[in-house]
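Below: the structure, in structure tokens.
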Amino acid sequence: MNFIKLTLLAMIIAFFSVKLSWAHPGFRFGRGGHHGGISFGLSPQFYQFSCPQANDIVMSVLEKAIAKDMRMAASLLRLHFHDCFVQGCDASILLDDSRTIVSEKNSGPNKNSVRGFKVIDEIKSRLEEACPQTVSCADILALAARGSTVLSGGPNWELPLGRRDSKTASLSGSNKNIPPPNATIETLITFFKRQGLDEVDLVALSGAHTIGVARCATFKQRLYNQKGNNEPDENLEKSFYFDLKTMCPKSGGDNFISPLDFGSPRMFDNTYFKLILRGKGLLNSDEVLLVGNVKETRKLVKKYAEDESLFFEQFSTSMIKMANLRPLTGFNGQVRKNCRRVN
């Protein structure tokens with residue numbers, strides 16, 4: 001009798017497992033799960049049945065936004081990066097100040113710097129019309145980062161989905177965990193290792209600076225007082241140095257902007273690495289990949305400068321790895337109706 005009961009129970013579990021897997025491909029029954037033997041993982045097919053048009057909607061909004069503002073692709077990539085480095089890829093960066101939330105938007109690395117929130121709002125609005133309360137804001141950030149890369153001429157990759165949105169933000173985490181633009185190579189490696197990312201990930205993900213711009217405030221130190229002796233950074237190529245001085249004065253002008261990759265600022269390619277080799281990396285955190293006395297990062301800068309396809313391949317791998325930092329899945333978190341506030 002017990003055998004029959006156990007058999008029936010196994011059949012019922014198998015039936016519901018198949019049904020749930022169809023609805024949410026990231027869902028599965030299994031040992032080691034965190035909810036009574038149920039485990040949840042990310043899957044590229046997560047919205048296959050619940051919102052199959054999700055990526056098409058994301059791409060249609062991105063195409064218009066990037067055509068209107070060439071900086072937007074880089075801004076959305078950066079938004080995903082700044083989200084994942086603070087309590088994981090959970091869309092905490094999108095939360096506005098409220099009675100219970102102290103927004104990450106006000107942190108040192110983010111204030112008057114991160115942008116693209118209205119584009120995320122528009123994507124969310126379109127997705128809510130098509131598939132109400134289905135696609136998370138955390139997944140929108142990951143999809144927008146990939147789409148921005150592709151629309152700028154960069155690689156595509158198979159993106160695991162199924163992240164859920166946080167109910168909290170961390171201003172202190174944002175101030176503490178996002179590497180600064182004037183970081184040394186040792187600091188960069190430490191910040192990345194804290195996230196479970198290695199030196200290969202550091203160099204590949206830094207390649208995102210092949211698009212976008214930086215404010216004068218982030219590289220002014222290199223022009224006027226690199227080592228506290230009122231002298232410029234000796235690693236700056238001379239003509240590049242003089243060009244930067246004309247647009248970034250010693251006093252004032254902190255919000256003036258310069259392309260991170262002036263060779264091909266709209267194109268996602270490997271020019272960024274070629275420029276670093278010529279002493280034309282804009283930020284200190286760019287240049288130290290080559291001159292920071294770490295053999296591995298120096299070797300990778302040279303490799304990626306020579307071989308764009310190798311850079312594209314590793315960038316894709318590292319983006320998948322970064323997008324998998326401590327995601328909320330299963331019954332954790334929520335799918336926000338509005339990315340700026342908790343439900």
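Numbering of residues begins at 1 and proceeds along the displayed sequence. As the structure is a prediction and not an experimental result, all values here were calculated from the model.
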Report task. Kindly determine whether L77 and I211 satisfy side-chain contact (heavy atoms from CB on, under 4.5 Å), including the steps that lead there. Result -> CA-CA 10 Å; L77 252 177; I211 54 175; 4.0 Å; yes
Report task. Any pair with a residue in residues 279-307 that passes ring pair (Phe, Tyr, Trp, His ring centres under 6.0 Å), sequence neighbours left out, goes on the list, sorted by first then second residue, please. Result ->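 Pairs touching residues 279-307 that pass the test: F273-Y304, Y304-F311.
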Query raised in the report: So which pairs with a foot in residues 61-120 pass ring pair (Phe, Tyr, Trp, His ring centres under 6.0 Å), sequence neighbours left out?
Result: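 Output for this query lists F81-F85, F85-F192.
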Could you give the distance from [atom1] ([X]) to [atom2] ([Y]), rounded to the nearest 0.5 Å?
| X | Y | atom1 | atom2 | value |
| --- | --- | --- | --- | --- |
| R340 | S103 | CZ | OG | 9.5 Å |
| D233 | N225 | CG | CG | 11.5 Å |
| I320 | D201 | CD1 | CG | 11.5 Å |
| K337 | D165 | NZ | CG | 13.0 Å |

Using a distance-only test with no angle check, is there a side-chain donor-acceptor pair under 3.5 angstrom linking [X] and [Y]?
| X | Y | result |
| --- | --- | --- |
| Q87 | T168 | yes |
| N284 | Q226 | yes |
| T187 | T184 | yes |
| R336 | Q133 | no |
| D286 | S206 | no |
| T210 | D261 | yes |
| E237 | S239 | yes |
| T134 | S50 | no |
| E313 | S309 | no |

Requested in this report: Indicate if M267 and L151 have the same hydrophobic cluster label, given that clusters are the connected sets of ILVMFWY residues with side-chain heavy-atom separations under 4.5 angstrom.
Outcome: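 No, it is not one cluster - the side chains of M267 and L151 are not joined through contacts under 4.5 Å.
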Query raised in the report: If you group Ile, Leu, Val, Met, Phe, Trp and Tyr by side-chain heavy-atom gaps below 4.5 Å, do L202 and L325 land in one group?
Result: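 Yes, because L202 and L325 connect within a single hydrophobic cluster, where side-chain heavy atoms sit under 4.5 Å apart.
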Query - Carboxylate-amine/guanidinium contact K124 E128, below 4.0 Å - result: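 Salt bridge flag = yes for E128 with K124.
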Query raised in the report: If you measure from the Lys or Arg side-chain nitrogens to the Asp or Glu carboxylate oxygens, is any gap between E296 and K299 under 4.0 Å?
Result: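 Judged by the 4.0 Å cut-off on N to carboxylate O distance, E296 and K299 do form a salt bridge.
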Query - ring-ring contact (aromatic ring centres under 6.0 Å, His included) against F219, all qualifying residues, sequence neighbours excluded - result: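 Applying ring-ring contact (aromatic ring centres under 6.0 Å, His included) to F219 gives none.
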Query - Set of residues satisfying ring-ring contact (aromatic ring centres under 6.0 Å, His included) with respect to F191, sequence neighbours excluded - result: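 F191 satisfies ring-ring contact (aromatic ring centres under 6.0 Å, His included) with no residue once adjacent residues are dropped.
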Look at atom [atom1] of [X] and say whether more than 12 heavy atoms of other residues, nucleotides or ligands are closer to it than 6.0 Å.
| X | atom1 | result |
| --- | --- | --- |
| R215 | CZ | yes |
| N293 | CG | no |
| R341 | CZ | no |
| K303 | NZ | no |

Report task. Identify the two heavy atoms, one from S166 and one from L95, that lie closest to each other, and give their separation to 0.1 Å. Result ->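 Smallest interatomic distance, heavy atoms only, reads OG-CD1, 4.1 Å.
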Requested in this report: Quick one: closest heavy-atom pair of L275 and G263, and the distance?
Outcome: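 Scanning both residues completely, I find the closest heavy atoms to be CD1-N, 3.9 Å.
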Query raised in the report: Which of these passes side-chain contact (heavy atoms from CB on, under 4.5 Å) with V203: L188, V301, L290?
Result: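 Among L188, V301, L290, the one meeting side-chain contact (heavy atoms from CB on, under 4.5 Å) with V203 is V301.
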Query - Pairs flagged by side chain to side chain donor-acceptor pair (under 3.5 Å) wherever residues 141-163 is involved - sequence neighbours left out - result: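 Qualifying pairs, neighbours excluded: N55-R146, D139-R163.
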In residues 57-65, what donor-acceptor pairs under 3.5 Å come from side-chain atoms, sequence neighbours left out?
unit_1: S60; atom_1: OG; unit_2: I57; atom_2: O; d: 2.9
unit_1: S60; atom_1: OG; unit_2: R126; atom_2: NH2; d: 3.3

Query - Check: Q53 side chain, D56 main-chain N or O, donor-acceptor pair, under 3.5 Å - result: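 No, the answer is negative, given that no donor and acceptor are paired below the 3.5 Å cut-off.
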Query raised in the report: Does any N or O in the side chain of N177 come within less than 3.5 Å of the main-chain N or O of G173, such that one atom is a donor and the other an acceptor?
Result: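 Yes, because the side chain of N177 sits within donor-acceptor range (under 3.5 Å) of the backbone of G173.
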